[in-house]
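Source: prediction; values computed, not measured. Below, chains carry the letters A, B, ... as their sequence lines are ordered, and counting in each starts from 1.
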There are 2 protein chains.
Amino acid sequence: MQPTPLNGSELAVMRAFGRLMVVMPKMLDADLQRTQRMSLSEYQTLRHLSETPGNVMRMSELAHRCDMSFSGMTRLVSKLESLGHLSRRRCESDGRGFDVQLTEAGFERLREAWPDHLESVRRRIFDHLGRLDLGDLAAALEGMNESGGQACHSAACDK
Amino acid sequence: MQPTPLNGSELAVMRAFGRLMVVMPKMLDADLQRTQRMSLSEYQTLRHLSETPGNVMRMSELAHRCDMSFSGMTRLVSKLESLGHLSRRRCESDGRGFDVQLTEAGFERLREAWPDHLESVRRRIFDHLGRLDLGDLAAALEGMNESGGQACHSAACDK
DNA sequence: AGTATTTCCTTGACGAAGCAAATTAATTCG
DNA sequence: CGAATTAATTTGCTTCGTCAAGGAAATACT
């Protein structure tokens with residue numbers, strides 16, 4: 001009672017994709033760790049902050065964008081705060097929340113790290129796209145990301 | 001001194017890809033966990049065993065194929081052994097090594113799990129490929145997997 | 001106003017997986 | 001053959017990130 005079997009190419013894609021999911025995050029993380037002594041999640045956190053107006057975001061929003069649980073984000077932010085890359089202060093309009101603000105040092109750290117990260121991404125990903133159309137690929141990847149049904153990790157379900 | 005900046009589509013691909021690396025493994029794992037009470041790495045381990053002649057493999061070989069460290073594989077195999085999905089016995093030709101053998105029960109478990117996993121992969125991945133050519137995609141993914149420079153996690157460097 | 005509910009974040013406990021060191025077996029060398 | 005070296009796993013310890021529970025502020029209800 002197979003739900004429609006796979007043909008040759010599909011099987012190849014499935015295998016390669018399966019492996020990629022395991023290996024690619026490790027490679028990108030290892031590259032960043034090696035060249036910049038920084039983890040991929042730290043990088044992503046700083047990047048998201050840097051891309052928001054004012055470089056300030058609520059914890060929840062940040063966790064959401066980074067696809068992490070609230071608790072995971074609390075821990076990561078604590079670490080980045082101790083490194084001086086960002087600061088956390090109670091939100092004025094809502095005393096329950098916290099505003100996370102990218103510091104100048106954090107911004108500097110990001111500027112310092114991104115060329116290496118970009119090089120890593122280029123070498124590990126872009127250099128292998130071959131004939132694939134970038135627009136089609138972007139659309140496909142975005143579709144996958146939205147395939148929702150939420151893994152139920154990721155922020156939404158920490159509580 | 002940017003190492004060649006990204007154009008629009010490239011940026012979109014990079015962002016989507018970055019997110020996918022974080023989210024997709026969680027989604028596939030959560031799907032399998034929900035429908036089959038099994039983790040993705042358990043599944044992959046059983047699958048690799050099932051695809052080898054005789055359904056036997058050395059620990060190191062298995063770790064290598066699953067892109068896990070030796071230690072991680074030792075623990076995973078211990079768990080699967082306690083579940084009766086596989087058995088481990090000293091290798092005859094080399095007393096240092098162990099042969100891991102998929103049991104009939106393990107094989108059955110895999111047969112039971114794969115339709116759900118396939119459905120999950122189909123829904124999360126294949127349903128979003130749009131115009132992408134499967135052959136080109138497979139080639140690209142394989143290229144990325146080989147982008148080597150080993151993350152240095154993954155088996156090779158556990159020691 | 002006073003209590004109940006909900007929201008936002010933090011903390012505690014835990015599991016998965018990695019690295020480094022330890023273990024035991026095979027091999028190489030003198 | 002016995003010591004030194006190399007190989008295949010395992011065990012100890014640490015880190016990352018999740019879930020479950022808790023605390024404090026805001027909101028809703030009476």
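The 5' end of DNA chain D is approached more closely, in terms of each residue's nearest nucleotide, by A/Glu42 than by the other of A/Glu42 and A/Ser93.
Partners of B/Glu142 by salt bridge (Lys or Arg N to Asp or Glu O under 4.0 Å), not counting sequence neighbours: none found.
When heavy atoms are screened at a 4.0 angstrom cut-off, B/Arg88 is found touching the sugar-phosphate backbone but no base atom. As judged by a 4.0 angstrom heavy-atom cut-off over every strand, A/Ser41 is placed among residues touching the sugar-phosphate backbone only. Base engagement by A/Arg75 is indicated by at least one non-hydrogen atom pair under 4.0 Å involving a base atom.
Minimum atom distance to the side chain of A/Ser69 is reached by D/dT18, of the listed D/dT9, C/dC9, D/dT18. Side-chain atoms of A/Asp94 lie closest to D/dA25 of the nucleotides D/dA25, D/dC16, C/dT10. Checking D/dT18, D/dT10, C/dA26 against the side-chain heavy atoms of B/Arg96 singles out C/dA26 as nearest. Between D/dT10, C/dA26, C/dA16, one nucleotide has an atom nearer to the side chain of B/Phe70 than all others, and that is D/dT10. Here the nucleotide nearest the side chain of B/Met59, chosen from D/dT9, D/dT18, C/dA26, is D/dT9.
A donor-acceptor contact under 3.5 angstrom links the side-chain atoms of B/Ser71 to the base of C/dC19.
Residues B/Arg124 and B/Leu28 come closest through the heavy atom pair CG-CD2, 4.2 Å. Nearest heavy atoms, A/Gln33 versus A/Ser39: OE1-CA, 3.7 Å.
A/Met144 is listed as a side-chain neighbour of B/Leu129, based on a closest heavy-atom distance under 4.5 Å.
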